[in-house]
J.: 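Here it is: the structure, laid out below.
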Amino acid sequence: MAIAITVGMTQPCRLNLHWKNNTKHKEREAKAMQMLQFQASLESNTKANRKTSPHLLRKLCKQGRLKEALHILREMEQPADHFTYTFLLQECIKKKAFSLGKLIHTHLNEIGFVPDTVLANTLLNMYAKCGRMLDARKMFDEMPERDECSWNVIIAAYSRHGFAEEALTLFHQMQQTDLQPNQFAYSSVLSACAKLAALEQGMEIHKQVISSGCATDVFLDCALIELYAKCGRVEKAHQLFEKMLQPNVVSGNIMIAAYGQNGRMEEAGKVFQDMPKRDVITWNAMITGFMQNGCVDEAQKLFRTIPKRNVVSWTAMIAGYAQNGRSEEALKSFLQMQRTGMKPDAQTFASALTACANMAALQHGMEIHDEIVKSGFQYDVFVNNALLDMYAKCGDIEKTHNLFDKMPKRNVVTWSTMIGGYAMHGLGMEAIKLFEEMQICGTKPNHVTLLCVLMACCHAGLVEKGLQYFHTMSECYDVKPAMEHYGCMVDLFGRAGHLNTARDFIYKMPIKPDATVWGSLLGACSVHKNVGLGKLAAERLLELEPDNATAYVVLSNIYAAAGMWEDHENTRRMITDEMDKKLPGHSWIEVNKQVHSFLADDS
DNA sequence: ATCTTGTTTC
């Protein structure tokens, strides 16, 4: 809103519009009075009493009238001082009025005002806080002089907004200057190391912290605990946690999350019990920990007892249900959440879509898609990736591709999902074309991308092409073949009927083949009716997983197909009651907008 | 000026 106020002209007709509505009328009247005073102060300001400008500006800021403050700035014949501009911008940051802050910056540029270091740092911080890292970087690069604060702000911002490598690079650059890192820079860069799981570098910096004699504070302590926790050194993290002089909620929360991520929920529970203060993050970390470790019931119990839920609590439940194969409950929670008046955010939508994808619930997925557009999250890359996957898993490859074309931003997951989608639908050549296009667009494939490419070759019967990618992946894409890639290659040979090649490939593997690799061979033997190899594959699989009922079933089917009824019966008898219970896999299908579950062999 | 919880491809 531009505040072009010509009091005499605009006010009366506006008031008349609301004449009948008494409250609105009063509001209007008050507003008009305010405007008149404002105008008066403006005039006195620009004419005689310029010295009151800073005072008036600060007063307006405190009343939250930032736009009016900007107007005064523009009207002033002389620029205000550095302190006033800094104060104004800090208010913008506090009130998250970033677009206004940007306008102030533009204004400063227009009048050719050269900021001092403190003001420049505040501008830098404004861009950093709202995640506009390109603007922040420009600000930083163009600063004629930088102090510790300038470095601290930019390092912290890079770390916070997911550019941990950049944070580390800048930290090293800072050390090339005459400036010494203090506890601010140290805690930010340690947090970046934690995010990268860069233990070596983190420990190196930890040593520096000690030798530099830098003042420690809770932030630094927390960053160190987080570093060791995220790098799997839970014991070390716990040691530091115990030694903390002023343990706080944050350090406790970090420990709970660390124990949860390492499958040690009992210890997480101990920390939770002993915490003198808990906040919603404490509860959410516990819930997430239980969900990550498959303890859905425990997570539910906590969710019921949590004193105050936020959007993260709900998302943790929805994502947790979906991750634990309970997608129906995930969708129910998603609906329940909205009934309580809680608004989903991008992450909630992404989790709900995962549940739809798991169940191939196209109608639900499309309804959520509508909601996403209505709530303005349709440009989020995570949301779009989840949508892409949902449409692909629901079998609508047309819609998947259309969405892919329209996406404003793509990352490696986007490309992998689309390639995987083509693979699922047997469109091998399309997948390969996209894989080549992805590289032209400058996105580096990861281990999942290569797995999707191999799967595409597998589903389309492109044996030679698959082999070629497999042999060059380490060298060309810097992705070392892992178990899942070997498993996929066995699948590729097996489906094509090259059973002996598949067997020899397994024998030549540099890592010990796991159950899924033998399972792939077993499956192929079933399709191509090879009793000898099938028996071998089943034996190896059962060595690794003695309770794998599916192995017995498939092997018995191989015997049956070969007419070997005695072996068939003997194999069947190996299946215990306990194994039998786990046998039939659940599948989901959507009929008339209702999600139904059915068992294998159901009609 | 700095910290912790939930999201996408296997």
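Letters A, B, ... are given to chains in the order of the sequence lines, protein chains preceding strands, and every chain is numbered from 1.
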J.: So if I take every side-chain heavy atom of A:I281 and compare against B:dT4, B:dT7, B:dT8, which nucleotide ends up nearest?
T.: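 Of the candidates, B:dT4 comes closest.
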J.: Please determine whether a side-chain nitrogen or oxygen atom of A:Q261 lies at a distance below 4.0 Å from atom OP1 or OP2 of B:dT5.
T.: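 No.
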J.: Please tell me if A:K393 has a side-chain N or O lying less than 4.0 Å from either OP1 or OP2 of B:dT8.
T.: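 The answer is no; no side-chain N or O of A:K393 sits under 4.0 Å from OP1 or OP2.
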J.: Is any side-chain nitrogen or oxygen of A:S191 closer than 4.0 Å to OP1 or OP2 of B:dC3?
T.: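 Checking B:dC3 against A:S191, no side-chain N or O comes under 4.0 Å of OP1 or OP2.
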J.: Could you tell me whether the side chains of A:N248 and A:D221 share a donor-acceptor contact shorter than 3.5 Å?
T.: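 No, no side-chain donor-acceptor contact under 3.5 Å.
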J.: May I ask you to check whether A:W415 and A:F435 place their ring centers less than 6.0 Å from one another?
T.: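 Between A:W415 and A:F435, the centre distance exceeds or equals 6.0 Å.
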J.: Given B:dG6, B:dT9, B:dA1, which nucleotide is nearest the side-chain atoms of A:V153?
T.: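 Out of B:dG6, B:dT9, B:dA1, the nucleotide with an atom closest to A:V153's side chain is B:dA1.
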J.: Of all the choices, B:dT9, B:dG6, B:dT8, which nucleotide is nearest to the side chain of A:A386 once you look at every atom?
T.: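 Within the option list, the nearest is B:dT8.
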J.: Reckon A:K94 has a side-chain N or O less than 4.0 Å from the OP1 or OP2 of B:dA1?
T.: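 A:K94 to B:dA1 OP1/OP2: no side-chain N or O under 4.0 Å.
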J.: Under 5.5 Å between ring centres and under 30° between planes: does that hold for A:F382 against the base of B:dT7?
T.: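 Yes, A:F382 stacks on the base of B:dT7, since the ring centres sit under 5.5 Å apart and the planes are within 30°.
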J.: According to a strict under-4.0 Å criterion, is A:K277 in side-chain N/O contact with OP1 or OP2 of B:dT4?
T.: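 So the side-chain polar atoms of A:K277 never come under 4.0 Å of the phosphate oxygens OP1 or OP2 of B:dT4.
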J.: Side chains of A:Y391 and A:H401: do they bring a donor and an acceptor to under 3.5 Å?
T.: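 There is no such pair (donor and acceptor under 3.5 Å, judged by atom type) between the side chains of A:Y391 and A:H401.
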